[in-house]
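Single-structure report; data block below.
Keep in mind that this is a model prediction, so the values were computed, not measured. Residue numbering restarts at 1 for every chain, and letters A, B, ... go by the order of the sequence lines.
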Amino acid sequence: MRTFRLTPPSEAFAFLEELNDVQRQAVEHTEGPVLIIAGAGSGKTRVLTYRIAYLLATGRAYPEQILALTFTNKAAREMQRRIEELVGPRAQHIWMGTFHALFARILRQEIDHLGLWNRQFTIYDTEDQERLLLGVIKEKQLDPKLISPRSVRHRISFWKNQLLSPEEARRLAANVLEAHAADLYALYQERLARANALDFDDLLLLPIRLFEQFPEVLARYQQRFRYILIDEYQDTNRAQYVVTRLLAAAHRNLCVVGDDAQAIYAFRGADIRNILSFQEDYPDAAVFRLEQNYRSTKRILRAADSVIRFNRNQLPKQLWTANPDGEPIVLLRCASEREEGETIARMLLQLRREGYPYREMAVLYRTNAQSRAIEDGLRMAAVPYQLVGGLSFYKRREIKDVLAYLRLLVNPDDEEALLRVLNVPPRGIGERTLERLRLLAAERGYSLWQAIAHASEAGISTRALNPLERFREMVEHYRAQLGTRAAVELVRDYLGATGLMEALLAERTPEAEARWENVQELLSAIAEFQQLRPEATLDAFLQEVSLLTDIDTYEPDTDRVTLMTVHAAKGLEFRVVFIAGMEEGLFPILAPDTDIEEERRLFYVGLTRARERLFLSHSQSRYRFGTLQYMERSRFLQEIDPEVLVDERGRPIAGSGTGTLSGSDADRRVVYDEDILDWHALRPGMRVEHPQFGEGRVLEVQGSGPQARVLVHFDLYGQKKLVLQYARLRRA
DNA sequence: TAAGGGCTGATTTTT
DNA sequence: TCAGCCCTTA
């Protein structure tokens, strides 16, 4: 009997042998729409990379005919590297990158069609957006405290993701607040155009408008991209959905990979329904389910599975693994944040002795604010770590100042850049002068930059006219040299002329010195960029920087423990994972608009990052908003199958309920309070530990019951009298 | 116009 | 806790 094969097996396809049956089918099913539901650790990236390699090896497409969309630059780079291993350097010609980067690239080519912008456009980050909005809000005589730039930015972003214009938003506005926001949206959009700037959402929105208004442009890209692949499809928003549907309309070779259980970006407009819509739009789509997990131990997978089952909105699937049972999951109870950091550090050292390299271990948390206590703990224990995220390099003030100066060279109409640096360092250009310029710009339809050229007509005093003119000449001088000399040298001279560096040095504070060093580091980054891509211009550098994210700075090769948010860890894996801060209100974070199922999916993402060992920690107290708060254990801990959980000493977790349902609040409190001492157990002379004051010795117990008073001599804080109920003392 | 001091409000997560 | 903002003063 002969089985028909589209392509004969040969050396070129030897890599297919490394796939399981479903993976291989998903790779070989090249034509038409394909939906791959890929559970955590099921070899999703492998399928995507092999599929691309297969398209190339079978001659179905040239590299430049493949469009592969990811959510982070890092994911794109990783995929590029792996394809290169399979097919060699021609992988470099694949259109692979983030949605935002690739559509920015298309807009650089085509934006002239739309009229309002030119190719030198700048990309505004959220800070630029909010500064612009603040100006617009004040201009409309609204109170920024009632209508905050932040909330307006949110709303506008939401509208843009729904593909709504300012006019449509205005029509749909349900209340006064939304009506104001819609008006601000209109003005905001005008100002963006005047500044020749786009925001992140425009990078997706404008290609849609472009393709809809200019079918011949769309047709060109439809022909170019014969195969389209999208990673992390569960996190696409409406605009991303529409733009890829347009591009794929002609050939329908659209392959999307996603896992609804890992959808964690609904807050940013991502819509899980895109996976469901996909099957409606393409009823003939082939669907593949990758359910074998290659990453984690059975226990880890069981923990993750038991948690995610509490979500109602979930596509049915059954992940399984052939991996060993592995070690139980360890629950670490800590009295304070400080202790949590210390405990984690101690465990890391121990694991290191057991043979786990630091680079194979990660500490994950819900919010960046938590990193501080953990960092302290690791630093004290001399555990090397690398922090991903937090205040990233490119968000620092001095770096943003320098970048604003550079943006001005490429696009002098960039108003937020101009406002940022016009008087930095102080040049004697104050609020009054600026007001006059704004007025002139509004009257004549100038950009602010053009208004400066006509400053003498704005009724500005000669005293302020002088520095304005010098500023304009300086920018023009270096602008004229763009492209004629090496970028690094140009930038160095230009920065010298601005007086920015000088001002930093003159401050003579350690902070200013650190800032100065950061600027030097930025110069090195420019030099490096230029070396890597000699043909690239300054605006290419600026664009790359504006689309960088924190995770992109992650260096997996150094032997250090990784600290990052669970969000940032998506797509990564480690042999050992700690998830810190497993407390109600923190993870899940509780706000009026919290979507508990999304929080649970996020926890699921965290759990499934672990390959071999998993540790969950929670602290009984924590400083929030500057005051000490007592924290309850996270409900998610109750949802983990108790059979895979042990405490720090390897004992099973008692009182966790049956494992099929989460315990009631009362149950939870019992577990939570297990080690808290009550008055029966307290004896003078006993060593105890307090969440805030640390360790000490009991001197005296007065009264009985929860209201009993305890006199304790703390090692560090001296004598304190405490109400037992609130003191939450534990045996030290 | 620039610098310094006190007050307030915020903390999710990020392309 | 802390950073950014507003107000005051030189």
Walking DNA chain B from its 5' end, the first of His100(A) and Ala464(A) to be reached, judged by nearest nucleotide, is Ala464(A)
Roughly how many Å is it from [atom1] in [X] to [atom2] in [N], rounded to a whole number?
X         : N       : atom1 : atom2 : value
Glu435(A) : dT1(B)  : CD    : P     : 12 Å
Glu598(A) : dT14(B) : CD    : P     : 12 Å
Leu364(A) : dT14(B) : CG    : C1'   : 16 Å
Asn423(A) : dT1(B)  : CG    : C1'   : 8 Å
Phe603(A) : dT13(B) : CZ    : P     : 18 Å
Phe71(A)  : dT15(B) : CZ    : P     : 11 Å
Ile264(A) : dT15(B) : CD1   : C1'   : 12 Å
Asn73(A)  : dT14(B) : CG    : P     : 15 Å

Residues two or more places apart in sequence or in another chain: which of them pass side-chain hydrogen bond (donor to acceptor under 3.5 Å, both in side chains) with [X]?
X         : result
Ser148(A) : Ser151(A)
Arg432(A) : none
Glu544(A) : Arg533(A)

Check every nucleotide of DNA chain C for an atom under 4.0 Å from a heavy-atom of chain A, then give the first and the last such nucleotide from 5' to 3'. dT1(C) to dC2(C)
Establish, with yes or no, whether the OP1 or OP2 oxygen of dT15(B) is under 4.0 angstrom from a side-chain nitrogen or oxygen of Asn161(A). no
Any side-chain N or O of Ser157(A) below 4.0 angstrom from OP1/OP2 of dT14(B)? no
Can you tell me, in whole Å, how much space there is between the P of dG4(C) and that of dT13(B)? 16 Å
Listed once per pair and sorted, the salt bridge (charged side-chain N to carboxylate O under 4.0 Å, His left out) pairs that draw on residues 231-245 of chain A, sequence neighbours left out: Lys44(A)-Asp231(A), Lys44(A)-Glu232(A), Glu232(A)-Lys570(A), Asp235(A)-Lys570(A), Arg245(A)-Asp281(A)
Test applied, side chain to side chain contact (heavy atoms under 4.5 Å, CB included); reference residue, Val561(A); option that passes from Val363(A), Leu387(A), Ile374(A), Ile344(A): Val363(A)
For Arg397(A), answer base if it contacts any base atom (sugar-phosphate contacts may also be present), sugar-phosphate if it contacts only those atoms, and nothing otherwise; contact means non-hydrogen atoms under 4.0 Å. nothing
What does Tyr265(A) touch in the nucleic acid at a heavy-atom separation under 4.0 angstrom: a base, only the sugar-phosphate, or nothing? sugar-phosphate
Does Phe529(A) have more than 12 heavy atoms from other residues, nucleotides or ligands lying within 6.0 Å of its CZ? yes
Around atom CZ of Arg81(A), are there more than 12 heavy atoms from other residues, nucleotides or ligands closer than 6.0 Å? yes
Closest nucleotide among dT15(B), dT1(B), dT13(B) to the Thr433(A) side chain: dT1(B)
Short heteroatom pairs, N/O only, protein and nucleotides 6-12 of chain B, under 3.5 Å:
unit_1: dT11(B); atom_1: OP2; unit_2: Arg150(A); atom_2: NH1; d: 2.3
unit_1: dT12(B); atom_1: O2; unit_2: Arg366(A); atom_2: NH1; d: 3.1
unit_1: dT12(B); atom_1: O2; unit_2: Arg366(A); atom_2: NH2; d: 2.0

Tyr188(A) and Asp199(A) side chains, donor-acceptor separation under 3.5 Å: yes
Is Glu139(A) salt-bridged to Arg438(A), cutoff N-O under 4.0 Å? no
